[in-house]
Amino acid sequence: MSSTKTLRHAELLRRHPKNPLLTAKDWPYAVNTVFNPGAIRMTNGDTVLLVRCEDRRGISHLTVARSKDGVNDWQIDPEPTLAPDPINYPESVWGLEDPRIVWVDEMERFVITHTTFSRGGPGVAMSTTRDFREFDRRGMLMPPEDKDSALFPRRFNGRWLLIHRPVPSAGRAHIWASWSPDLRHWGDHSILLERRHGAWWDALKVGLAGPPIETAEGWLIMYHGVRITASGALYRVGLALLDLDNPLKVVLRGDEYIMGPEEPYEMTGDVGGVVFPCGHTIADDGDTIHFYYGAADTSVCLASGSLSEMINWLKAHGRPGGIPYD
Ligand code: BMA
């Protein structure tokens, strides 16, 4: 175990002083809550968030919020950008949730993987777009129950690789990876990152946070870990590093979470005790990461850090993922 003396998670990530950046009060139309946004930086430098908005029925849709600096002056679409369409897409009847966005050079499109809440439970769906105005909806990729999905932005040996998080009936859930030759047929499923056991902060479920981040040292991933307590679930965020050429190999996994709910806006809301990142942007220096997260299933917040510091922290506080030590 790494000692608490050397734990620097509080310094690793800096919450923005303007948090929460966006709440239901900022929305141009009536919603219950706004949270868990996907994020991407456009070539002109603008930040685009695809925000999960829960309406007052309880059904979620996704709406674009754009900003020049990723903090101020959000231009929010006047109506839902990507909404459930139960007639044409029955799998979306109870809503669209928690998008992750990647730019795929080969397709010259953004690929959005998101939860689609069907009558049979939540599964993973894919939509693509060039402009966040028109979308090509490709339906459900992974049947219920499955969530927390992102596509790697390029192929490995000719095949696409998807991260996702099926939930077995026992309720405890690991992060999985699956391969596809065509983004339609998926197979060769395997566990990528296991939940831990007992008292660990990530003992109940783990799920991907934002999409994998390509660095010289490997694919950096943030993931959420859930632990059940007497007063409900705690959602915190941890780090792992995957091999650059073989992302199924977990090079390092941090023992300790790097961020947990602490601030009042993270502790209080529709679901208190939750920080839930789904997307990030990288600044021009190639190192500063701004990640956007849902706080307490109620608002959109921002925290920033440095990719090199996060990797250095993992080297000090992590160990190879395949070794059982929990
Ligand atoms: C998870 C997801 C998230 C949500 C979190 C806490 O299962 O559904 O969308 O933020 O629970 O409620």
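Numbering of ligands and ligand atoms starts at 1, following listing order. Everything numeric here is computed off the predicted structure, so don't read it as measured data.
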Between [X] and [Y], does any side-chain N to carboxylate O distance fall below 4.0 Å?
| X | Y | value |
| --- | --- | --- |
| Asp202 | Arg253 | yes |
| Asp55 | Arg57 | yes |
| Asp146 | Arg165 | no |

*Shortest protein contact, atom 1 (C) of ligand 1 (heavy atom only)*: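 Of every protein heavy atom, Tyr235 OH, 3.5 Å lies nearest to atom 1 (C) of ligand 1.
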
*Protein residue, atom and distance nearest to atom 10 (O) of ligand 1, heavy-atom basis*: Asp297 OD1, 2.6 Å

*By salt bridge (charged side-chain N to carboxylate O under 4.0 Å, His left out), which residues pair with Arg172, not counting sequence neighbours?*
none

*asked:* Geometry only, no angles: is Asp98 polar-contacting ligand 1 at N/O separations under 3.5 Å?
replied: yes

*For ligand 1, find out whether one of its N or O atoms is nearer than 3.5 Å to an N or O atom of Lys205.*
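Not met; the criterion fails.
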
Quick one: which ligand 1 atoms are inside 4.0 Å of a heavy atom on [X]?
| X | result |
| --- | --- |
| Asn36 | 3 (C), 4 (C), 9 (O), 10 (O) |
| Phe276 | 3 (C), 10 (O) |
| Lys147 | 2 (C), 7 (O), 8 (O) |

*Please assess Thr129 against Asp131 for the test side chain to side chain donor-acceptor pair (under 3.5 Å), listing each intermediate value before the final yes or no.*
CA-CA 6 Å; Thr129 185; Asp131 53 11; 3.2 Å; yes

*Are His16 and Cys301 side-chain neighbours, meaning at least one heavy-atom pair lies under 4.5 Å?*
no

